[in-house]
Structures are given as structure tokens and as C-alpha cells.
J.: 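There's a structure below that I have some questions on.
Below, read A as the first sequence line, B as the second, and so on, with proteins coming before strands; counting in each chain starts at 1. Heavy-atom basis, side chains included; hydrogens, waters and symmetry copies ignored.
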Number of protein chains: 2
Amino acid sequence: MQMTIGNFLFMRLRQVGIGHVFGVPGDFNLQLLEQVEEVEGIEFIGTCNELNAAYAADGYARTKGIGALLTTYGVGDLSAVCGIAGSRAEHVPVIFISGVPPLYAIESRLRLHHSLAEGNFDNVMNCLKEFTVVNTRLTPGNAVDEIDRAIHRCWKEKKPAYIQVPSNITYLMIDVPGTKLELKLPASDPERLESAVKHIAGLLDKAGRPALLVDMEVDRSGIAKQVSSLVEKRQIPYAALRTGKAILSETHPLFTGVYIGEASTPPVKDLTEGSDCLIVTEPCFIEGSPMVFPGGLPVKAHVYIRGYSVTVENEVYEGVTAAELISHLIGVVKQSQAAPTQPITAADISAPEPGAALTQVYLWSRIGRFFYPGDIVVADNGTSNIALTDVKLPDNTGYISQLVWGAIGYSLPALLGSMTAAPYRRHILFIGDGSFQMTVQELSTILNRGLKPVIFLLNNRGYTIERYILGMHESYNDIADWRYSALPKVLAPDIETFSAMVKTEEDLEKVLVEIEKKDCACFIELCLDPEDAPEALKTFGPCTADLDYGTRGPQRTS
Amino acid sequence: MQMTIGNFLFMRLRQVGIGHVFGVPGDFNLQLLEQVEEVEGIEFIGTCNELNAAYAADGYARTKGIGALLTTYGVGDLSAVCGIAGSRAEHVPVIFISGVPPLYAIESRLRLHHSLAEGNFDNVMNCLKEFTVVNTRLTPGNAVDEIDRAIHRCWKEKKPAYIQVPSNITYLMIDVPGTKLELKLPASDPERLESAVKHIAGLLDKAGRPALLVDMEVDRSGIAKQVSSLVEKRQIPYAALRTGKAILSETHPLFTGVYIGEASTPPVKDLTEGSDCLIVTEPCFIEGSPMVFPGGLPVKAHVYIRGYSVTVENEVYEGVTAAELISHLIGVVKQSQAAPTQPITAADISAPEPGAALTQVYLWSRIGRFFYPGDIVVADNGTSNIALTDVKLPDNTGYISQLVWGAIGYSLPALLGSMTAAPYRRHILFIGDGSFQMTVQELSTILNRGLKPVIFLLNNRGYTIERYILGMHESYNDIADWRYSALPKVLAPDIETFSAMVKTEEDLEKVLVEIEKKDCACFIELCLDPEDAPEALKTFGPCTADLDYGTRGPQRTS
């Protein structure tokens with residue numbers, strides 16, 4: 001079968017479930033944009049800049065399983081690299097396609113625009129190599145092999161892949177396979193799998209206090225349901241890391257809470273530290289907690305499950321997939337009796353006090369009741385994702401936050417991506433003013449595409465998270481105060497939106513009721529005091545300062 | 001003398017003329033922000049994101065001679081890398097300082113936020129290595145050497161330098177030299193200098209038709225005045241490359257025009273192609289012209305002047321600085337008689353036609369009369385810098401445009417940088433809507449700092465430059481139509497601004513008169529047809545398509 005290189009590339013993306021490619025046009029990728037349109041079921045979505053496109057592709061991949069990004073050489077690639085590094089850090093599979101100069105120009109080292117004009121076309125590739133699992137430049141001779149390899153490894157390893165497509169070859173016809181690209185996990189080594197399962201089952205049999213600590217691997221590998229079945233059958237109480245929040249149910253009786261090191265609640269601390277069979281999943285990232293352990297988990301994990309290997313006690317079993325391991329374990333572990341469940345008492349929520357200014361305490365205690373099962377909650381770095389750690393989400397609620405890489409501004413374009421992947425799910429974004437200003441232009445794309453998220457903008461006039469680390473009253477932590485609620489009408493004049501400003505507890509109550517009635521995008525500015533912060537941030541700040549500056553740093557003297 | 005590492009770093013920046021550092025706070029650089037404040041005469045300017053900070057530092061450096069950027073590790077560095085690569089491509093000296101994790105964390109490979117959490121702290125450095133002339137991580141032991149080396153090489157080689165400053169060492173005291181850091185060009189090798197001067201003088205003596213083709217080296221090396229003296233004394237007619245526009249006077253009788261390859265005016269073509277002693281300066285970048293020659297100049301250059309070497313006929317003289325070469329040449333060349341100058345006839349400008357919609361032709365023929373000597377004109381990539389090629393600027397008018405790297409969106413933050421460097425000069429920006437949306441948030445910083453530029457936003461509802469390359473009517477070249485003129489009041493509610501929308505020739509006339517009376521920032525939206533373009537773009541587009549896709553590409557069939 002013959003097909004153009006460009007059509008083959010987009011057909012392959014379509015075959016693995018990608019229906020949308022985010023990016024920005026440029027002269028080296030225009031011919032690829034023509035070719036996206038030729039493939040049925042896949043659409044190009046132009047964003048305002050490439051960093052935002054990378055974040056959008058990441059958000060799309062988190063909700064859909066895999067995503068794609070398209071840029072033009074040099075200026076586009078390097079604008080997107082922070083987003084791609086984020087996908088790498090957060091184990092998100094994104095196919096990064098770059099339209100690059102024509103092959104003959106690369107080979108003759110021409111002095112082109114969008115390059116350093118020194119004839120070097122390796123520097124952009126070298127940069128991307130640091131953050132991608134596959135990095136390749138297509139030729140008519142290697143295109144089929146390289147496209148399939150890039151997509152397959154990206155998906156299997158949950159890390160971004162980078163494909164350079166020279167601008168003068170995409171419309172050439174090549175021989176392509178007649179069969180669909182099937183994404184398939186490698187099978188486990190049977191002996192290793194059986195041994196590992198036996199080893200773990202033995203530990204679980206003997207265990208008086210088994211426990212599970214969930215991190216993002218459970219989400220990325222798509223094994224959340226299986227893991228739920230396992231904990232249900234063997235009645236294993238579990239906690240989540242912050243980076244593993246809301247992957248398993250937060251309302252299940254076996255759920256104990258979020259593990260945040262020393263500052264965890266007593267039941268969570270007791271669960272992890274008192275367990276005689278603690279199972280943890282990758283990457284087990286616990287820095288960024290009030291008490292930080294960037295060296296690793298402070299307690300011994302008896303079973304450490306990674307994507308393609310597992311460590312049980314001190315024995316490493318390579319070549320064992322997490323999916324097969326869990327499903328085999330479900331088969332062999334003994335059914336345990338569920339403990340009688342205690343009725344969950346809803347947290348006491350005080351009624352709004354007339355005239356009381358909105359505070360972080362009120363906001364976060366109230367907001368938990370606003371969520372429905374099926375919602376996707378998106379939280380930016382800082383106040384939002386620190387406060388949401390302690391807000392229990394309903395079952396089947398998605399939670400998107402970039403806790404490892406921690407780039408502020410990530411969440412607004414990620415919202416665009418995730419909503420594009422699942423427009424039928426209600427999306428609710430929490431974002432601070434500092435984060436919002438980073439990537440504000442993507443509000444335009446969200447609104448103009450007719451998406452209807454609920455956006456809560458926390459306006460506390462600066463980087464409150466930084467204030468609690470250093471410089472509480474320093475002007476470098478201030479940012480300009482915009483007339484935020486006017487923005488939707490400026491960026492999307494023809495789109496109906498609901499925009500409001502919340503200054504008091506009562507305002508918040510009214511607005512939350514109002515939102516429920518709306519069938520349009522809602523943009524709510526929450527006015528908060530610059531020094532008001534969730535309790536967790538008040539301990540997080542000084543701990544981070546000690547980590548960063550040392551315990552004799554300026555945070556102790558200034 | 002003892003001083004903290006941070007104070008020493010900022011004192012050194014101050015000593016070489018840097019009064020402002022652009023950047024974004026983050027936990028790994030907050031302690032450095034404290035230290036900027038401690039050094040007199042240097043100020044931190046927070047931008048909305050790091051890419052914009054990099055562009056601002058670049059704009060500052062173009063006007064001031066050298067600039068500085070401060071980010072936080074990982075997320076900040078990689079967000080800024082496109083801007084730094086641009087500075088490298090355009091020979092702009094920017095000191096890029098990154099607050100990075102504490103030394104002990106790097107050494108123990110801790111799994112930190114803002115990293116991939118894999119213990120690798122070399123990947124960000126490896127990425128920046130591709131685009132910087134010095135890249136170094138400070139320790140208490142190397143700080144003095146490395147800071148001085150980075151600043152010196154950055155300034156001498158006109159390329160960015162990257163300094164990682166671990167967060168736990170900046171407040172430590174170290175021994176520092178008691179003397180100021182003096183920026184000094186290396187002296188030329190005396191024999192080589194003398195030989196090269198003799199060689200060139202000999203050529204000039206014999207030459208019947210000497211000519212000079214100016215590129216950016218003349219600006220970056222600060223030798224524009226000397227070069228003017230040379231052409232004046234020997235009466236050498238000159239042309240500029242697009243990347244060398246307005247460095248020498250565009251109103252001088254010896255100025256012939258801008259050289260754009262085959263599409264040059266006959267006098268410019270005749271000057272360059274008919275010269276028997278053609279002198280050109282680095283980098284001699286002529287891709288991006290209607291007829292592209294990315295392989296180099298299509299005519300033979302007899303003298304090719306670089307920063308620290310010169311080629312005369314086929315002999316290379318290494319170790320000869322451009323500055324010394326020119327000043328010695330002035331001493332030896334014979335004084336020529338100035339040709340009688342013809343009175344310059346101002347181009348005929350038609351009066352506005354009542355009711356006529358604004359067109360590109362009218363706009364650019366009119367706008368030349370709007371500039372004053374001393375202005376700094378900033379032009380984004382696309383319609384703006386292509387059209388301005390042919391608009392003669394008054395003497396001593398600065399011109400900032402990123403023609404080699406060509407990142408759209410560059411110009412708005414660069415305007416912030418250049419105006420910060422020279423607030424007493426009127427700045428006039430021309431930017432398309434696609435470019436503006438890329439980096440729009442920096443309008444906030446410009447306005448809220450009380451700067452008063454004149455901004456012309458060309459709203460033609462999409463990427464018109466791309467339309468002329470491929471996809472004239474394709475939706476991928478469309479962008480959302482914002483209510484642009486409302487933006488200043490949203491981003492800077494407390495600042496007086498003049499905002500207007502121009503739809504007709506008459507509107508333009510009125511607005512240009514209005515602007516002259518204003519003492520505030522002016523933000524003018526120019527409404528233009530999506531398919532209207534300067535003549536040069538109409539030839540540039542198809543030529544670029546042929547370069548990019550080959551002459552049998554989709555531009556010939558679609």
C-alpha cells in the first residue's frame with residue numbers, strides 16, 4: 001500500500017486514539033497541516049503559542065491516554081520544550097512532531113531562519129534528546145519504522161517522543177504496512193511473573209497490616225480498576241501520594257487519606273509506617289510535602305511496583321508488567337471479609353457569615369460539596385493544588401495537576417487539552433493569578449472553541465506560595481492586578497460567558513448556585529488576601545526554604 | 001575583600017552597565033532576588049513568564065549593550081530557552097542566571113520538583129549548552145572565576161552565557177577582587193592588523209566601484225560611527241542587508257537601499273554586483289529575502305569583516321578586531337571628494353481618500369513620515385518587518401527586529417526591554433495579531449511600569465505571512481479576533497492609555513495626529529484585510545514555499 005509520509009503519520013496517530021493535534025503553524029509545518037486535514041477523524045487545534053500547545057497535548061494525553069503536538073522548527077520546538085520536559089517528569093505520553101527544514105538544507109548546512117544560521121541542525125535535537133524517549137528525524141527510507149517505533153515506545157513507556165519531519169518529504173509516497181498499529185504491552189516473562197506473584201501473595205498471606213500507597217503509575221498504566229479489585233478482594237487499606245491523588249476512590253472505606261510525610265494525619269502515618277506489607281507504585285514522588293523526603297520514601301516498602309518490573313523485599317523481578325502482576329495477584333490472594341464500614345460523616349461546613357470576606361479556609365471547606373462524580377478537577381501549582389490535597393473528591397472524578405515538574409501556568413492550557421479529549425465531562429479549574437498570567441491567552445482558545453469549563457481564578461495579587469518560602473512582603477512576589485472578569489468578553493466577544501467576582505463568603509454561595517444554572521463557560525474571580533493561605537502551605541513554605549537554602553539560609557535571618 | 005556570591009554576581013552585572021534584570025520568581029531564585037535588591041543601581045523586573053523575560057533581556061541588550069535574565073531551575077530555564085537561542089542567533093549578549101537546586105541535592109541526585117525526579121541535573125545544562133557560549137554551575141570555589149569569565153565572554157563574543165547558581169550558596173561570603181571588571185576587547189595581532197589594513201587599503205585604492213554591505217556586526221561591535229567615518233572619507237556607497245537595516249544612516253547620499261537578492265532595486269543590485277571591491281560584515285544573512293540565498297552571498301565579497309578576523313580576497317587574517325581594522329583603515333585610505341548630492345525628493349504620498357479602507361500600501365507609505373530621529377522602531381516578524389524593509393528611517397533611529405531567529409511574539413517583550421534601557425527615547429512597535437497573542441501578557445508589564453510606547457497592532461485575523469506561503473484560505477492560518485482595543489484597560493486599569501481602532505485611511509491620519517498630542521501609552525488597532533499584504537511579502541511567500549517544500553511541493557498543486 002502506498003501513502004504519503006504525512007498521511008501515514010497522522011493515520012497512525014488516529015489509530016492509537018489521537019483525535020486532536022495541538023500546535024502553531026509555521027512555514028516548516030504548513031504542508032503537514034494540509035495533511036492533517038486529509039486524514040479523517042483527526043483535527044488540528046491552533047493554540048496561541050507553542051508552550052501552551054505542549055501543555056494542551058499533555059492535558060489531552062492525561063484524559064485520553066496519548067496526545068500529540070505539532071510545531072515548527074527551532075522557535076516552535078524550543079518554545080515547547082518546558083512542556084515536553086513536564087510530560088517526561090509526569091510520565092505523560094505525548095508525540096511531539098516538528099516540521100523541520102528540508103533534508104537538502106540540513107545536509108548542506110544552509111544558513112536558514114529559525115536556526116542559529118551557523119549550519120548546525122543538531123542543537124535542537126540534542127536539546128530534545130534530554131527529555132524524550134525517542135528522538136528521530138524522518139527520511140523517506142526510515143519513516144515507517146521510525147513513526148511506529150516512536151508511537152509505540154511513547155505509549156509503552158509513558159514518556160514523550162520527538163519526531164522531526166523535514167518539510168520537503170512529507171508529501172512523498174512511501175510503502176506502508178496494510179495493518180493497523182496495535183498498541184500492545186510486552187508480555188511478562190512467565191517464570192518471573194509467577195515467582196513475583198507467589199512472593200507477594202506469600203507476603204500478603206502473612207501480613208497482619210497490609211497497606212497500599214498509590215502513585216501515578218496506577219493511572220498512567222490504566223490499571224486503576226484492577227488495583228481497586230485487588231484492594232477490595234484482599235481488603236488492603238490504602239493511601240495516596242499527592243501525585244497519586246484521586247486515582248483510586250477517595251470515598252471508599254479502605255481509603256485513609258493522602259500521605260504527606262511527617263505532616264500526614266495519624267491514620268495515614270500509622271497505615272504506612274505500621275504496615276508489615278507496604279505496596280507502593282511508581283514513581284513514589286513525595287517531595288513537595290510539608291516534610292520533604294526527596295531521597296525517597298521514609299518508610300520501607302515491601303513491594304515496589306514499576307511499569308515493567310517489581311521489587312519484592314530485596315529481590316528485583318525484571319520483565320514483569322504491572323498490569324499482569326496485579327491481575328494475577330487478584331487471582332491468587334485470599335478473599336478477605338470487608339470490615340464493617342463506619343458511616344462517613346460529612347465534614348461540618350459553617351454557613352456563610354454575612355459580610356465576611358472570603359478566606360482560604362472557607363473556600364476549600366465549601367468547595368468539596370461543589371464536585372460531582374465524573375467531574376475533572378484541574379489544579380495549578382501553588383495554593384490550588386496544595387489546598388485540594390485535603391479535599392476529598394467524589395468517585396470517578398479526574399484530577400489533573402503537575403506536581404513533579406511544577407510549572408505554574410500549566411493548568412489553563414491543560415484544561416483546553418483535557419476538555420478537548422472529554423468535552424462531555426464537566427471541568428473545573430483552580431488557578432492562581434500568577435499562574436494565570438503565564439498562559440492567559442489560551443482562555444481565548446478554550447472559549448472560542450465553545451468549551452464550557454468552570455474556572456476559579458484565585459486573585460491574591462502575587463505569588464503567595466513564594467511569599468511563604470521567602471519575601472512575604474517583597475515586591476518581587478507582587479504581580480499586576482488585572483480586571484480579570486472583563487477578560488472573557490475581550491478574548492471571545494461573540495461567546496456567551498458567565499463572569500463574576502467573589503469577595504465574600506456570601507458571594508461564593510450565590511455564585512456556586514448560579515453556576516449550576518448556566519450552560520456556558522463560567523469565569524469566577526475569587527478575591528483573597530495575599531497573605532491568606534491554606535494551612536498546608538504555611539508549613540510547606542518554610543520546609544521548602546530549608547530544603548532550598550539550607551537551615552542557615554536567609555529565611556532564618558530576614 | 002569579602003562579599004556574598006549573590007552580591008558579587010549582581011555587582012559585576014552593574015559594573016558592565018546592567019541596571020535591570022528580567023525574570024520570574026521561583027523557590028530556587030528567591031534568595032537571589034533578595035540579593036539584587038541589596039546592590040545599588042540594579043533592579044529586578046518581574047515579567048509574566050520566562051520566555052517573555054528572555055525576549056525583554058534581549059531587547060534591553062540591543063539598546064544597552066548587554067542584558068540579564070533570571071529564572072528558576074527547570075521550568076524557568078526551559079521556558080526561556082527559545083529566547084536565549086534567539087539571542088544566540090542574533091548575536092545579542094545576554095547573561096542568563098538560573099537559581100538551581102542546592103549543591104547537596106545535585107550531588108546526591110535527589111528527586112526534586114522542577115526536575116524529572118530521576119536524579120539527573122545535567123539535562124537542563126546540556127540543553128542550554130547548545131545555545132550559550134559559556135555554561136557553568138557556580139560553587140564557592142569557582143564563583144569569582146566563572147562569573148567574570150561568563151560576563152567577559154558573553155560581551156566579547158556577543159552570545160548568551162548561562163550561569164547556574166545553586167540556591168544554598170548564594171549568601172556565602174567569598175574573597176572577591178577589589179577591582180572593577182573592565183570589558184576590554186582583545187588587541188589585534190599587530191602584524192596581521194597592519195597586513196590586513198594594507199591589503200584592504202590597496203584594494204580600495206585601485207577600486208573604481210567600492211561598495212559596502214552592512215550587517216549586524218557593525219551594530220553589535222559598536223563600530224557604526226567608525227564605519228560611517230570610513231565610508232564618508234573614502235566615499236564608499238553602501239547598502240544594508242535586512243538584518244543590518246538602519247545601522248548606518250538611511251538618509252545619507254551614499255546609502256543606496258536594502259539588498260534583498262534578486263528583488264533588490266537596480267541601484268542596489270548594481271552596487272553589489274558591479275563592485276570591484278565589495279566589503280561585507282558579519283553574519284551576512286540573506287535568507288528570508290524574496291530571492292533566498294541561504295548558502296551565502298550570491299556575489300563575491302572582496303573583504304569579509306567578522307568580529308575577530310577578516311578575509312581579504314582569499315586570505316584570512318585571524319586575530320584582527322573589526323574595531324581596530326576600521327579605525328586603522330580610516331587613517332590610511334585616501335580622502336575622496338563627495339559627489340554632488342542630488343536633492344532627495346520625498347516620496348509622493350497620496351492624501352487619504354475619504355471612506356477608503358486602510359490598506360497595507362497606504363499604511364506603509366504613510367508611516368515613514370511618522371518617525372523622528374532618535375525613535376526606536378520595533379517590528380515583529382511577518383508583515384511588519386517585511387514592509388518596514390522599504391521604509392527609510394530617519395538618522396539615529398534604532399531598529400529592532402529578530403530576522404534570523406524569527407520567533408513571532410518576540411517584539412512585545414523586546415519593547416519592554418528596550419524601553420527599560422532607554423525610556424527617554426520614543427518607541428514605536430509594529431506587531432501582527434498572531435504575534436501579539438503569543439506574548440500578550442507583557443503588555444501588562446509595559447503599561448504598569450508607566451512606559452509610554454506607541455503600539456500599532458496589525459489585525460488581519462490570522463497568520464498572513466503563512467497564508468502567502470501555503471493555505472491562503474485554510475482555517476489553520478486563522479486566529480481568534482479579540483476586542484484588542486479593550487485590553488489596555490483590562491491589563492492596567494489604573495494607567496492612562498490612548499486606545500483606538502483604525503479602519504480607514506482617514507482614521508489613520510486622525511490617529512497619527514492624536515498620538516502626537518498624547519503623553520501616555522498609545523495602543524492602535526489597525527484593521528486590515530487578511531489577504532492584503534506588502535508587495536514584498538507576495539514574492540517572499542512563494543519563494544519560501546519553494547525553499548521549504550521543494551519546487552514540486554504542495555504550493556504548486558493546492
J.: Of the backbone (N, CA, C, O) and the side chain (C-beta and beyond), which part of B/Glu442 lies under 4.5 Å from a heavy atom of chain A, both, or neither?
T.: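 Interface part for B/Glu442: neither.
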J.: Just by distance, no angles: are the side chains of A/Thr544 and A/Asp548 close enough, under 3.5 Å, to form a donor-acceptor pair?
T.: no
J.: Of all residues at least two apart in sequence or in a different chain, which pass the side chain to side chain donor-acceptor pair (under 3.5 Å) check with A/Asp433?
T.: none
J.: Side chain from CB out, backbone as N, CA, C, O: work out which of these in A/Gln402 comes under 4.5 Å of a heavy atom of chain B, or both, or neither.
T.: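 For A/Gln402, neither part sits under 4.5 Å from chain B.
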J.: Who among A/Gly46, A/Ser485, A/Gly74 has the most heavy-atom pairs with chain B under 4.5 Å?
T.: A/Gly74
J.: Test your reading of the model: is there a side-chain donor-acceptor pair from B/Lys159 to the backbone of B/Ser87, 3.5 Å cut-off?
T.: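 No: the side chain of B/Lys159 does not pair with the backbone of B/Ser87.
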J.: Looking just at side-chain N and O atoms, do A/Asn126 and A/Asp122 make a donor-acceptor pair shorter than 3.5 Å?
T.: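 Per modelled atom types, A/Asn126 and A/Asp122 side chains form no pair under 3.5 Å.
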J.: Determine the option with the most heavy-atom pairs under 4.5 angstrom with chain B, choosing from A/Gly23, A/Ala486, A/Ser79.
T.: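 Greatest number of close heavy-atom pairs with chain B: A/Ser79.
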J.: Pick one of side chain, backbone, both or neither for B/Thr439, based on which atoms fall under 4.5 Å of a heavy atom in chain A.
T.: backbone
J.: Report which part of B/Leu30 has an atom under 4.5 Å of a heavy atom belonging to chain A: side chain, backbone, both, or neither.
T.: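 Both backbone and side chain.
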J.: If I measure from the heavy atoms of chain B, does A/Asp481 come under 4.5 Å with its side chain, its backbone, both, or neither?
T.: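 Answer is backbone: N, CA, C or O of A/Asp481 sit under 4.5 Å from chain B.
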J.: Where does A/Glu474 contact chain B at under 4.5 Å (heavy atoms): side chain, backbone, both or neither?
T.: side chain
J.: Does any donor atom in the side chain of A/His113 or A/Asp27 lie under 3.5 Å from an acceptor atom in the other side chain?
T.: yes
J.: Flag the one option from A/Gly434, A/Cys284, A/Gly409 with the top tally of heavy-atom pairs under 4.5 Å to chain B.
T.: A/Cys284
J.: Tell me, side chain or backbone of A/Val24 under 4.5 Å from chain B's heavy atoms, or both, or neither?
T.: side chain
J.: Looking at every non-hydrogen atom in both residues, tell me the closest pair between B/Glu466 and A/Pro25 and how far apart they are.
T.: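 Residues B/Glu466 and A/Pro25, closest heavy atoms: OE2-O, 3.9 Å.
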J.: Heavy atoms only, distances under 4.5 angstrom: which of A/Tyr410, A/Tyr484, A/Phe44, A/Tyr104 has the most pairs with chain B? Name it, please.
T.: A/Tyr104
J.: Report which part of A/Leu33 has an atom under 4.5 Å of a heavy atom belonging to chain B: side chain, backbone, both, or neither.
T.: both
J.: Counting only non-hydrogen atoms closer than 4.5 Å, does A/Thr72 touch chain B with its backbone (N, CA, C, O), its side chain (CB onward), both, or neither?
T.: neither
J.: Looking at B/Leu70 and B/Leu32, what are the two nearest heavy atoms and their distance?
T.: CD1-CD1, 3.9 Å
J.: Looking at B/Cys82, B/Gly541, B/Gly76, B/Pro166, which has the largest count of heavy-atom pairs under 4.5 Å with chain A?
T.: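 So the answer, after comparing B/Cys82, B/Gly541, B/Gly76, B/Pro166, is B/Cys82.
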J.: Select one option (side chain, backbone, both, neither) describing which atoms of B/Ser108 are under 4.5 Å from chain A's heavy atoms.
T.: neither
J.: Considering only heavy atoms and a distance below 4.5 Å, find which of A/Ala545, A/Gly550, A/Ala80, A/Gly406 pairs most often with chain B.
T.: A/Gly406
J.: In chain order, what residues pass the salt bridge (Lys or Arg N to Asp or Glu O under 4.0 Å) check against B/Arg111, with sequence neighbours excluded?
T.: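 Scan of B/Arg111 (salt bridge (Lys or Arg N to Asp or Glu O under 4.0 Å), adjacent residues dropped) gives none.
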J.: Against chain A, work out which of B/Ala85, B/Gly26, B/Gly119 has the most heavy-atom pairs shorter than 4.5 Å and name it.
T.: B/Gly26
J.: Side-chain donor-acceptor pair under 3.5 Å between A/Thr243 and A/Asp215, yes or no?
T.: yes
J.: Is there a salt bridge (charged side-chain N to carboxylate O under 4.0 Å, His left out) between A/Arg467 and A/Asp478 once you walk through the steps?
T.: CA-CA 9 Å; A/Arg467 294 190 201 279; A/Asp478 297 341; 3.1 Å; yes
J.: Looking only at the side chains, is there a donor atom on one of B/Gln35 and B/Thr4 sitting less than 3.5 Å from an acceptor on the other?
T.: yes
J.: CZ/B/Phe131 to CH2/B/Trp405 distance, rounded to the nearest 0.5 angstrom?
T.: 6.0 Å
J.: Examine whether an atom of B/Pro493 lies under 4.5 Å from a heavy atom of chain A, and if so say whether it belongs to the side chain, the backbone or both; otherwise answer neither.
T.: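 Interface part for B/Pro493: both.
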J.: Just how far is it from atom CG of A/Leu491 to atom OG1 of A/Thr445, taken to the nearest 0.5 Å?
T.: 9.0 Å
J.: Quick one: what part of A/Tyr549 sits under 4.5 Å from any heavy atom of chain B, side chain, backbone, both or neither?
T.: both
J.: Counting only heavy atoms closer than 4.5 Å, note whether B/Tyr476 contacts chain A via side chain, backbone, both or neither.
T.: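 For B/Tyr476, heavy atoms of backbone and side chain both lie under 4.5 Å from chain A.
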J.: Can you tell which part of B/Phe28 gets under 4.5 Å to a heavy atom of chain A, answering side chain, backbone, both or neither?
T.: both
J.: Are side-chain N/O atoms of B/Asp546 and B/Thr551 paired as donor and acceptor at under 3.5 Å?
T.: no
J.: Let me know if A/Glu118 has heavy atoms under 4.5 Å from chain B in its side chain, its backbone, both or neither.
T.: side chain
J.: Can you tell which of B/Arg552, B/Gln441, B/Lys489 has the highest number of heavy-atom pairs within less than 4.5 Å of chain A?
T.: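 When all of B/Arg552, B/Gln441, B/Lys489 are compared, B/Gln441 has the most.
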J.: Picking from A/Asn168, A/Val75, A/Asn52, which has the most non-hydrogen pairs under 4.5 angstrom with chain B?
T.: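 Most heavy-atom pairs under 4.5 Å with chain B: A/Val75.
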